[in-house]
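A short write-up of the structure that comes next.
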Amino acid sequence: MATEPKHILVTYNQVHNIIKRSAMEIEMFKPDILIAIGGGGFFPARVLRTFLKNPTTHGSVPIYAICLSLYEAVPGAAAEQIGNQVIRIQWLGTEALLGKRVLIVDEVDDSRTTLQYAVSELQKDVEEAVQLLPERERDAAKTQFAVFVVHNKLKLKLGSLPADTPYYAGEEVEDLWLDYPWEATDIEEHDRLALAQKKA
């Protein structure tokens, strides 16, 4: 029987403050659009939006969503484990992405498999859409992608990102199981345990 991995409880305030500290560096990328990878990227993308302004309109940066799943339930286990393939649950058309600077947001870079899938598939979709445009419009329609994660686990990655893709990690962490507050069913108990864990 496998032993349960050590869990670190993360609070909303901790995530908010990590994102706030990261926003100044991310602002240099000047994203036009945020793409949240659901479900873990939704809250971080919304918080990040508070600190970023669209470089063209100076208004809020719009958030789009894609939903991917790499984790799967394991019979008889309390936690999920990393699966073998990424499953596309919800995807995005390319119309809003052409010619934009797009920041893909997720909560954690664990194996990097989901991030690799998101970047490579979105890039492939955009490149196919650009090829359908008249040649004179193609340069203006090129899209640049970047990635932001709240936590990057310090471990060997199964996936990779293109070398020219800017990568921002709010915090580097050990390879432990992170319990995020949006996964808690009892947020007061989650916060109480997180505080006790911090004091220990």
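Side-chain contact between Ile66 and Tyr64: absent, with no pair of heavy atoms (C-beta onward) separated by less than 4.5 Å. Considering only heavy atoms from C-beta on, Lys53 stays 4.5 Å or farther from Val61 through its side chain. Taking 4.5 Å as the limit, some side-chain heavy atom of Phe51 sits within range of a side-chain heavy atom of Lys20. The shortest side-chain heavy-atom distance between Leu52 and Pro31 falls under the 4.5 Å cut-off. Using a 4.5 Å cut-off on side-chain heavy atoms (C-beta onward), Phe145 and Ile104 make contact. Side-chain atoms of Ile37 and Thr114, non-hydrogen and from C-beta on, do get closer than 4.5 Å to each other. When side chains are defined from C-beta on, Gln144 does not count as touching Asp164, because their heavy atoms never get closer than 4.5 Å. Two residues are said to be in side-chain contact when any heavy atoms from C-beta on lie closer than 4.5 Å; Trp177 and Lys6 fail this criterion.
Taking each heavy atom of Ala96 and Ile33 in turn, the nearest pair found is O-CD1, 2.9 Å. For Val105 against Ala45, the heavy-atom pair with the smallest separation is CG1-N, 3.8 Å. Taking each heavy atom of Gly41 and Ala36 in turn, the nearest pair found is O-CB, 3.5 Å. The two residues Ser69 and Ile89 make their nearest non-hydrogen contact at CB-CD1, 3.7 Å.
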(message) Using the rule given for salt bridge (charged side-chain N to carboxylate O under 4.0 Å, His left out), can you reason through Lys155 versus Asp175, listing the C-alpha separation, both sets of side-chain angles and the distance that settles it, and then say yes or no?
(response) CA-CA 6 Å; Lys155 63 187 276 188; Asp175 184 18; 3.7 Å; yes
(request) Run the numbers on Asp32 and Arg101 for salt bridge (charged side-chain N to carboxylate O under 4.0 Å, His left out), then give the verdict. (result) CA-CA 5 Å; Asp32 299 301; Arg101 299 172 68 80; 5.5 Å; no
(request) Would you please test Ile26 and Leu103 for side-chain contact (heavy atoms from CB on, under 4.5 Å) and show each step? (result) CA-CA 9 Å; Ile26 293 166; Leu103 183 67; 3.5 Å; yes
(request) Begin from the C-alpha positions of Glu172 and Lys153 and carry the test side-chain contact (heavy atoms from CB on, under 4.5 Å) through to its verdict. (result) CA-CA 6 Å; Glu172 308 279 343; Lys153 289 189 181 182; over 6 Å; no
(message) Working note: Ile8 + Asp179, criterion side-chain contact (heavy atoms from CB on, under 4.5 Å); need CA distance, chi angles, decisive distance, verdict.
(response) CA-CA 6 Å; Ile8 302 295; Asp179 290 342; over 6 Å; no
(message) Let's go through Lys124 and Glu127 carefully: what are the C-alpha distance in whole Å and the side-chain angles of both, what is the deciding distance for salt bridge (charged side-chain N to carboxylate O under 4.0 Å, His left out) to 0.1 Å, and is it a yes or a no?
(response) CA-CA 5 Å; Lys124 184 179 79 171; Glu127 287 170 4; over 6 Å; no
(request) Could you give me the CA-CA distance, side-chain angles and deciding distance for Tyr180 and His190, then say whether ring-ring contact (aromatic ring centres under 6.0 Å, His included) is met? (result) CA-CA 9 Å; Tyr180 288 100; His190 176 92; 8.9 Å; no
(request) Would you sort out whether Leu34 and Phe148 count as a side-chain contact (heavy atoms from CB on, under 4.5 Å), showing the intermediate values? (result) CA-CA 10 Å; Leu34 305 179; Phe148 169 66; over 6 Å; no
(request) Show your working on salt bridge (charged side-chain N to carboxylate O under 4.0 Å, His left out) between Arg88 and Glu121 and close with a plain yes or no. (result) CA-CA 10 Å; Arg88 189 186 290 198; Glu121 291 296 304; 3.0 Å; yes
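Phe43 pairs by the side chain to side chain contact (heavy atoms under 4.5 Å, CB included) definition with Tyr12, Val15, Val47, Trp182, not counting sequence neighbours.
Taking CD1 from Ile35 and CG from Asp106, the interatomic distance works out to 12.0 Å, rounded to the nearest 0.5 Å. Here the straight-line distance linking atom CZ of Arg138 with atom CZ of Arg136 works out to 10.5 Å at 0.5 Å rounding. The distance from the CG atom of Asp186 to the CZ atom of Arg192 is 9.0 Å, given to the nearest 0.5 Å. Residue Asp110 holds its CG atom at 8.5 Å from CG of Leu178, rounded to the nearest 0.5 Å. Here the straight-line distance linking atom CG of Leu158 with atom CD of Gln116 works out to 9.5 Å at 0.5 Å rounding. Atom CG of Asn13 is separated from atom CG of Asn17 by 6.5 Å, given to the nearest 0.5 angstrom.
In summary, Arg21 and Glu171 engage in a salt bridge, as defined by a charged side-chain N under 4.0 Å from a carboxylate O. Salt bridge status for Lys157 with Asp109: present, with a side-chain N to carboxylate O gap under 4.0 Å.
No path of Ile, Leu, Val, Met, Phe, Trp and Tyr side chains, each step under 4.5 Å between heavy atoms, connects Leu161 with Leu154, placing them in separate hydrophobic clusters. Note on Trp91: it clusters hydrophobically with Val102, by side-chain heavy-atom contacts below 4.5 Å among ILVMFWY residues. Under the 4.5 Å side-chain heavy-atom criterion for ILVMFWY residues, no single connected hydrophobic cluster contains both Leu193 and Val173. Leu195 is not connected to Leu176 by any chain of hydrophobic side-chain contacts under 4.5 Å among Ile, Leu, Val, Met, Phe, Trp and Tyr, and they are in different clusters. In terms of hydrophobic clustering, with Ile, Leu, Val, Met, Phe, Trp and Tyr side chains grouped at heavy-atom distances under 4.5 Å, Phe42 and Leu68 are assigned to different clusters.
Residue Glu174 places its CD atom among 12 or fewer non-hydrogen atoms of other residues, nucleotides or ligands, all under 6.0 Å distant. By the 6.0 Å contact criterion, CD on Gln90 is enclosed, its count of non-hydrogen atoms from other residues, nucleotides or ligands being greater than 12.
A donor-acceptor distance shorter than 3.5 angstrom exists from the side chain of Gln197 to the backbone of Leu9, with no hydrogens or angles considered. A donor-acceptor pair is defined here as one N or O able to donate and one able to accept, closer than 3.5 Å; such a pair exists between the side chain of Thr143 and the backbone of Leu97. Looking at Arg49, its side chain never comes within 3.5 Å of a backbone N or O of Pro62 through a donor-acceptor pair. Put simply, the side chain of Gln14 gets close to the backbone of Thr11: a donor and an acceptor are under 3.5 Å apart.
For the pair Arg112 and Tyr167, the cation-pi criterion (under 6.0 Å, within 45° of the ring axis) is fulfilled.
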